[in-house]
Amino acid sequence: MRKPNTLKKRLKSGGGCIGTWSIIPSATAANVMAVAGLDFVIIDMEHGPASFETAEDMVRAIEGESRTPLIRVSNNDRFMILRALETGAHGIVVPNIETAEQAQDAVSAIKYAPFGSRGMSPFTRASGYNAVGQKDRIKNENEEIMVVLMVEGKEGIKNIDAIANVLGIDVIFIGPYDLSQALGIPDQVNAPAVVKEIEDVTKKINNKGIASGTLAQNIDDIKKWQKSGVQFITYLVDCAILHQACSSIISQFKR
Ligand code: 3PY
Ligand code: MG
């Protein structure tokens, strides 16, 4: 039986959390980040190379430290979402949601009936390998799994109120990179136009009682986004954190 999702609970009660994206396909690297104390790690199967087998080991490595493993799927595809769920991930991140209908499709793929139509097998890691007839398994999955939908384009921004009205969403995450591209200033994630758009959308999301999320580039960004009401913050990406740490050492070393 799935344990209570403490991250989901914390967000519901207005608390904040910090995590990162994982591009490095390694259970060891994921374990290091969990031991270090990040609240969550998102295994990135949109941009990263992890297979489902590796992702399942990464989920174990994060969960073992009582941190929250999430998987970002490559697109809003119910079959990929199902396989990601069956690893035992505590939530799914779905990129580039543009309409309420797409948001509803994602929620339906993540939840069992009556809230959705997630494919059913009691034999996977998510269900404890043989949870046939286990009391409350379905209710428990529906309650504890986190639904994180990403809005990262003009269409999604335009439809944000309708998207946020879809029941079952825990976090709406604004992707600054794709948004900067959509606004015609690719990669300029701290440009005033991008920051303003994220702040405006954050207010709309929060007004609907849903936690908002976005990506921070540095410690100042974390403070800025927290002040703007962002509860779910990703700090860079695992390989960027490693790169920064190594570059900092090298820059101070005289050969
Ligand atoms: C974006 O900024 O577009 C993202 O998807 C964040 O990973
Ligand atoms: Mg993106």
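These numbers come from the heavy atoms of this one structure, side chains and all, not from hydrogens, waters or symmetry mates. All ligand and atom numbering here is 1-based and tracks the order in the structure.
Nearest approach of E144 to K3, heavy atoms of both residues: CG-O, 3.9 Å.
Ion pairing between E199 and K196 fails under the 4.0 Å rule for side-chain N and carboxylate O.
Closest to atom 2 (O) of ligand 1 among all protein heavy atoms lies Y177 N, 2.7 Å.
In Y112, the OH atom is crowded: over 12 heavy atoms of neighbouring residues, nucleotides or ligands sit closer than 6.0 Å. Within a 6.0 Å radius of CZ in R83, other residues, nucleotides and ligands contribute 12 heavy atoms or fewer.
Contact annotation: for H47 versus ligand 1, there are no heavy atoms closer than 4.0 Å. If you look at Q181 next to ligand 1, there are no close heavy atoms at all, none under 4.0 Å.
Judged by distance alone, the side chains of Q244 and S248 never bring a donor and an acceptor atom under 3.5 Å apart. Side-chain atoms of W225 and T214 include no donor-acceptor pair closer than 3.5 Å. Using a 3.5 Å distance cut-off with no hydrogens or angles, the side chains of E56 and T87 do not pair a donor with an acceptor.
Applying the side chain to side chain contact (heavy atoms under 4.5 Å, CB included) test between I23 and each of I43, L242, I42, V237 identifies V237 as the sole match.
Counting only heavy atoms from C-beta outward, the side chains of S212 and Q231 never approach each other to under 4.5 Å.
Taking only nitrogen or oxygen atoms, main chain and side chain alike, R72 reaches within less than 3.5 Å of ligand 1. Residue P176 has at least one N or O atom closer than 3.5 Å to an N or O atom of ligand 1.
Counting only protein N, O or S atoms, 2 lie closer than 2.8 Å to the Mg ion (ligand 2).
The atoms of ligand 1 that sit less than 4.0 Å from any heavy atom of E152 are 1 (C), 3 (O), 4 (C), 5 (O). Remark: ligand 1 atoms within the under-4.0 Å shell around heavy atoms of M150 are 4 (C), 5 (O). Taking every heavy atom of D178 and a limit of under 4.0 angstrom, the matching atoms of ligand 1 come to 1 (C), 2 (O), 3 (O).
Taking the centre of each ring, F173 and W21 come in below the 6.0 Å mark.
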